[in-house]
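One structure below.
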Amino acid sequence: MQYDFGKLQDVKKVLLYRNTYDHAVSTFKNVKVELSETPDFAESVVIFGGETGQDVEETASAKGAPQVIEPESPVRAQYIRIWQRGHFVTNVPFGEWKGMSRGVLFNEIQVIAPMPKSEAPTPPQEVGTKNIALEKLPYVRGLAPTNIEAITDGAVDQNYAVHNSLGERWLQFEYRNSYHIKKINFKLEEGQYKSVSVSVSNKPTSAGTVVWSAQDWTQDDQMMRIDLGSGKSAQYVRFTVNKADDQPTKYSEIEIWADADNFDETKPEYTAPDSKYNTLVWSDEFDGDSLDTGKWQIIEGMANHGAIYNSQAVSVEDGCLVLNSKNYGTTEELINAVGWDRYQQQELAEHVTWSSGRVESKNKFSFQFGRVAVRAKPNDSQGIWPAIWMLCQDETGHDEIDILEYLGQDAWDAWTTNHFGILGKNKMSRSTSTKNYEAWCQDFHVFEVEWDPECITYFIDGNKVFDTSWGKWDRDAMHTRPMFMILETQVGDGWVGPVDYTRQETKQDSDFLVDWVRVYQQEEQPIARFDDLSDIRSGAVEDPYLTAPIFASEGLQEIHHAAGEDIPAWQDKDNFFYGGQPRGETDRVAAGENVKGEQALVYHMPQVKDVHLTTYYQTLSDGNSWNIGGWYDGSSIRGALKNGANLDFKIYTSADNQNWTLFENTKTVENYVDAHPGYARVTFDAYGLPEGTSYVKVVFPEYQGVQYQLKKGEVKDVLNTDVQLAKVTFLQEKNAPGA
């Protein structure tokens, strides 16, 4: 990390406060600190670590204390660079777990230099004492509160705010500014309490310093008044209460009296970051009374982690998309209420009792490169996992950009991640969490990503929080295929962990709110168009994003998902990889049985740049195996052909629909291979088609007479349905004729 002091300073001391873990100590690797008068560090003074850096060992007794670096004499500098190569973590006190982490995490960095008297600021003038709790709503840990507005309405009465979680529970007031707190007054419902404590802190995840506590305490008809004497400086005030007789805690009123020279808690207005992607090309403001299904599809009946996605959990209310997560208590009651689209022989665990919402722009709108901004208010609590993310149009490998992942129990962290590579093979990711002074679920924020072929950059509320270009040199880490939007809330399992089965820490009915979604690109950027093959003989399509072939060979067979128990395997959508995503490729095309001659689809696509084919190949019946990550890693017939046969799709280009040229540089990506009788997904990518291309022909492989060999040696004939085309995606110049 590099900092600019603004001008030359005589640096006397540097203090590094690193992140710590409650039950572990770290050895911070290759730490180096250097100072320079110029930003390029052409000449610098290393004040710690030498050329290669020096390890710094944390001790259990000094946990949280800063590393203090003090040169023998002050160093004249305007810039500082701080280096570190991750940290080695050791569990204490038992040493049961050890491991290396790439994380470099600081709580605070201080650089100490003398300041001339002429530059010293005027001491702040106290402007009085104010009740900073007035009309401020606290963050409530656990179940959703009832009538929370009454907690600071200025009236000490029986209009109670109710904290519905039972047992010892807390809520806290969170401030942007640090205040000099002088008095704290509160009034609970009259009655007996096992324990009550009030604490102040400068960290949202810590109770900090207890300023008042009581055991077996009685709340009478008077407000409890806590005098802090000379005062305490803090950003957070926490109330931890355990009501007797396992009853919810009811708050009549809270007052927090503080001194400050600035009481302004106004949140800055969102300003879009400077970006070359500044032309609005697609948006949804959610101003209607229902979801615009021309822009979004609702995922219906899919079980994922602890919930089933369904349309009942999706609504538009008061100018927001509402994705509701609700616990129905039992799996049976959940299925009776919302239905279930069962996948293969899938069985639902007992904890799958939740309904939740997911919407996607897949097959509605996709794009390649640009800036996505989403104004949203996530829902929190243990096991609740709202997310804003994008997948490649054909869901190749694990190409995924996560604009927001919010682990509900970690209310002050917003995660942004870039995933790339193929899951179970070479998947990698780069991510960071961004902390906020108050829980992100307390208000709306703008979560944003700039997706560029050189770098992926994340913003929150217009401020840059992270960027990455890792992996672009040897894999498609910047994602060159078109991508689509996903808005959802997952519940339980996976990264977020389980919900609270005692139903005290997890809100049983909560909403993820999305105010708007906006996609920006450069003015003349190409657009993504796609054919999901629902009707290959439909002709022209009056849609800016959909297309259809102008010609389909008579010998091509359309395959549509059919219901029933006796449908053939090649027609069952369950055999076309699920992988935790909706089974969207329900319409496919294959060469007909015993047909002769070339079988092809022809598209009129002037000024087309790229073509992507999503295809499926039958899996070997004796090739089933599972890798260490639990993902099927078998083989398909494409890799087991006899006598040098080839079953690849071919892409031809033409300027006039008469003279055709084979595109020689088509690349293939093999990713998900499902267990037999499932299929393996293979993507054919044709980047940079010849200039002047107006027509594209997709030619199906000739399967007749082709054989493949099972691992046990048996030789079998390729069937026509063993090779299927599921989607054709184009990238076309925006102002092309007919675009």
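Quantities reported herein were computed from a predicted structural model and do not represent experimental measurements. Positions are given from 1, in the same order as the sequence printed here.
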Q) Taking the six-membered ring for Trp, are the ring centroids of Phe420 and Trp470 within less than 6.0 Å of each other? A) no
Q: Considering only NZ, NE, NH1 and NH2 on the basic side and carboxylate oxygens on the acidic side, decide whether Lys276 and Asp452 come within less than 4.0 Å.
A: yes
Q: Considering only NZ, NE, NH1 and NH2 on the basic side and carboxylate oxygens on the acidic side, decide whether Lys364 and Asp532 come within less than 4.0 Å.
A: no
Q. Which pairs count as ring-ring contact (aromatic ring centres under 6.0 Å, His included) when at least one residue sits in residues 514-533, sequence neighbours excluded?
A. none
Q.
For the backbone of Gln368 and the side chain of Gln525, can you confirm whether one donor and one acceptor N or O come within less than 3.5 Å of each other?
A. yes
Q) For the ring pair His612 and Tyr687, is the centre-to-centre distance below 6.0 Å? A) yes
Q: Output yes when Lys136 and Glu174 qualify as a salt bridge under the 4.0 Å nitrogen-oxygen rule, no when they do not.
A: no
Q. Can a salt bridge be assigned to the pair Lys377 and Asp443 using a cut-off of 4.0 Å between side-chain N and carboxylate O?
A. no
**Q.** From CA spacing to verdict: ring-ring contact (aromatic ring centres under 6.0 Å, His included), Phe263, Tyr179
**A.** CA-CA 8 Å; Phe263 289 102; Tyr179 292 103; 5.7 Å; yes
Q: Find out whether Arg169 and Glu505 are in side-chain contact, i.e. whether some heavy atom of one side chain is under 4.5 Å from a heavy atom of the other.
A: yes
Q: For the pair Lys427 and Glu400, find out whether any cationic side-chain nitrogen is under 4.0 Å from an anionic carboxylate oxygen.
A: no
Q: Check the angle between the aromatic planes of Phe365 and Trp282 and answer parallel, tilted or perpendicular using the 30° and 60° thresholds.
A: parallel
List the atom pairs, donor and acceptor, that lie under 3.5 Å between side-chain atoms in residues 382-389 and the rest of the protein, sequence neighbours left out.
unit_1 : atom_1 : unit_2 : atom_2 : d
Gln382 : NE2    : Pro498 : O      : 3.3
Trp385 : NE1    : Glu405 : OE2    : 3.3
Trp389 : NE1    : Glu488 : OE2    : 3.0

**Q.** Nearest non-hydrogen partners of Trp412 and Glu438, listed with the distance
**A.** CD1-C, 3.4 Å
Q: Answer yes or no: is there a donor N or O on one side and an acceptor on the other, between the side chain of Gln172 and the main chain of Ser201, under 3.5 Å?
A: no
(Q) I want to know whether Phe466 and Phe459 have ring centres closer than 6.0 Å. (A) no
Q.
Check this for me: Asp264, atom CG, are more than 12 non-hydrogen atoms of other residues, nucleotides or ligands nearer than 6.0 Å?
A. yes
**Q.** Lys727 and Asp531 ion-paired at < 4.0 Å
**A.** no
Q: Find out whether Gln508 and Arg503 are in side-chain contact, i.e. whether some heavy atom of one side chain is under 4.5 Å from a heavy atom of the other.
A: yes
Q. Does a side-chain N-to-carboxylate-O contact under 4.0 Å join Glu360 and Arg358?
A. yes
Q | Distance-only polar pair, side chains of Asn418 and Asp402, donor-acceptor under 3.5 Å | A | no
(Q) Please check: side-chain N/O of Glu265 versus main-chain N/O of Arg176, any donor-acceptor pairing under 3.5 Å? (A) yes
Q: Indicate whether any N or O donor in one side chain lies under 3.5 Å from an N or O acceptor in the other, for Thr353 and Asn327.
A: yes
Q: Using the six-membered ring wherever Trp is involved, compare the ring planes of Phe173 and Tyr175 and label them parallel, tilted or perpendicular (cut-offs 30° and 60°).
A: parallel
Q | Greater than 12 external heavy atoms within 6.0 Å of Glu135's CD | A | no
Q) Do side-chain atoms of Thr146 reach the backbone of Val162 as a donor and acceptor pair under 3.5 angstrom? A) no
